[in-house]
Amino acid sequence: MKRLISLAVMIFTAVVMVACSSPIKSETSRKNGLNCAFESSVNITIDKLNAEGILKRFGDGMWDIEFSTPNTLSGVKLVFDGGNVSASYKGLDFSVPQSALPVKAMMLNLIEAVDTNARLEELKGSENDNLLEVSGSLEGGDYIISVGKDGKIISFEMENNKLKIVFSDLKEISSSQEQVTTSETTVKEIPTEETTTTTGSTESVIEIPEQNAEEVADIPDTEEVAEIPESEETFNQETDNAEETFDIVEDDAEQTVEITEEY
């Protein structure tokens with residue numbers, strides 16, 4: 001009996017000691033600072049791969065990242081637009097390189113986790129060193145999003161994937177800066193409407209000269225213009241004058257001949 005009591009006391013003591021050694025994390029909430037467009041420097045660690053770059057979020061499902069390191073990724077830009085992913089290097093489009101495939105997969109996890117939580121009114125999680133840790137699960141595994149007092153993202157982790165993304169120098173992007181890359185679709189639609197309007201104006205401008213051309217064509221009226229100079233009358237007058245002059249010369253010549261003969 002005494003042995004049982006002693007065993008129970010030992011178990012209870014061990015449980016208390018374990019409980020005391022583990023800090024109790026209280027569930028709390030914080031304002032949601034994820035639902036905004038932002039730009040941030042990021043340091044990405046995936047197992048043995050380490051990469052750095054500039055990450056931008058323009059809206060739900062619209063992100064892009066441009067890498068500065070390592071050399072195999074430097075200058076590569078990945079654009080995420082809904083379910084589509086495209087890659088470019090210094091403005092030249094190409095398929096996503098093999099070296100960027102792991103980052104692409106992890107970026108898709110980050111985007112899904114952040115966008116899902118960005119739709120919430122407030123963030124809920126546990127406090128840890130003045131950070132709020134928001135946990136969740138994806139098809140790719142469990143994740144933890146750590147946010148600061150302002151609700152902005154500080155880091156994103158997926159322990160089972162050996163992934164950690166640390167955000168620094170995060171700043172919101174104004175509406176005028178939002179996807180100049182994002183919404184290429186939107187940017188293309190606006191000029192199309194303007195082009196259509198301009199084309200319409202062009203048609204109107206073309207019609208006006210055509211009408212004027214008809215009026216101008218009526219004014220000269222080549223037949224009337226031909227009659228105005230009266231070239232035939234002028235020619236006849238010149239001919240008559242020439243004949244009269246010739247007659248006078250002939251009369252004078254006859255008179256001169258007659259006077260000479262008399263002498």
Novice: Applying side-chain contact (heavy atoms from CB on, under 4.5 Å), can you list everything that pairs with Ile144, at least two apart in sequence or on another chain?
Specialist: Glu133, Ser135, Ser146
Novice: Does anything in residues 50-61 pair up under salt bridge (charged side-chain N to carboxylate O under 4.0 Å, His left out), and if so which pairs, sequence neighbours excluded?
Specialist: Arg57-Asp115, Asp60-Arg119
Novice: Report, one line per pair, each donor and acceptor closer than 3.5 Å where one atom sits in a side chain of residues 93-112; sequence neighbours left out.
Specialist:
none

Novice: Give the minimum heavy-atom separation between Ala87 and Leu78, together with the two atoms involved.
Specialist: CB-CD2, 3.8 Å
Novice: Which Ile, Leu, Val, Met, Phe, Trp or Tyr residues join Leu131 in one cluster when any pair of side-chain heavy atoms under 4.5 Å counts as a link?
Specialist: Ile154
Novice: What do the steps show when you test Phe58 against Asp64 for side chain to side chain contact (heavy atoms under 4.5 Å, CB included), and what is the final call?
Specialist: CA-CA 8 Å; Phe58 301 99; Asp64 71 45; 3.0 Å; yes
Novice: Check ring-ring contact (aromatic ring centres under 6.0 Å, His included) between Phe167 and all other residues, then give those that pass, not counting sequence neighbours.
Specialist: none
Novice: Just how far is it from atom CG of Leu170 to atom CD1 of Ile153, taken to the nearest 0.5 Å?
Specialist: 8.5 Å
Novice: Considering residues at least two apart in sequence or located in another chain, which fulfil the side chain to side chain donor-acceptor pair (under 3.5 Å) criterion with Asn161?
Specialist: none
Novice: Over all heavy atoms of both residues, which pair between Leu123 and Asn117 is shortest? Give the atoms and the distance, please.
Specialist: CD2-O, 3.8 Å
Novice: Measure from the side-chain N and O atoms of Arg30 to the backbone N and O of Gly125, and report whether any donor-acceptor pair falls under 3.5 Å.
Specialist: no
Novice: State which residues pass side-chain contact (heavy atoms from CB on, under 4.5 Å) with Val166; sequence neighbours excluded, sorted by chain then number.
Specialist: Lys164
Novice: Should we say atom CD of Glu121 is surrounded by more than 12 heavy atoms from elsewhere, each under 6.0 Å from it?
Specialist: no
Novice: Do side-chain atoms of Asp169 reach the backbone of Ser41 as a donor and acceptor pair under 3.5 angstrom?
Specialist: no
Novice: Is the number of heavy atoms from other residues, nucleotides or ligands under 6.0 Å of Asn160 CG greater than 12?
Specialist: yes
Novice: Under the side chain to side chain donor-acceptor pair (under 3.5 Å) test, which residues partner Ser137, sequence neighbours left out?
Specialist: Asp142
Novice: NZ of Lys162 to CD1 of Ile46: how many Å apart, nearest 0.5 Å?
Specialist: 12.5 Å
Novice: Kindly write out the residues that satisfy side-chain contact (heavy atoms from CB on, under 4.5 Å) with Asp150, not counting sequence neighbours, or none if the list is empty.
Specialist: Lys31, Lys152
Novice: Which pair of heavy atoms, one from Asn130 and one from Lys149, lies closest together, and at what distance?
Specialist: O-CG, 4.4 Å
Novice: When you group the ILVMFWY residues by side-chain heavy-atom contacts below 4.5 Å and let the links chain together, are Leu120 and Phe156 in the same group?
Specialist: no
Novice: Ser86: which residues meet the side-chain contact (heavy atoms from CB on, under 4.5 Å) condition with it, sequence neighbours left out?
Specialist: Val79
Novice: What's the spacing between Ser29 OG and Glu127 CD if we round to 0.5 Å?
Specialist: 9.0 Å
Novice: Keeping the roles fixed (side chain from Ser74, backbone from Ser68), state whether a donor-acceptor pair exists under 3.5 Å.
Specialist: yes
Novice: At what distance, to the nearest 0.5 angstrom, does CD1 of Ile44 lie from CD1 of Ile65?
Specialist: 3.5 Å
Novice: Go through the structure and list residues passing side chain to side chain donor-acceptor pair (under 3.5 Å) with Asn50, not counting sequence neighbours.
Specialist: Asn43, Thr45
Novice: Apart from Ile54 itself, what residues make up its hydrophobic cluster when side-chain heavy atoms of I, L, V, M, F, W and Y under 4.5 Å apart count as a link, directly or indirectly?
Specialist: none
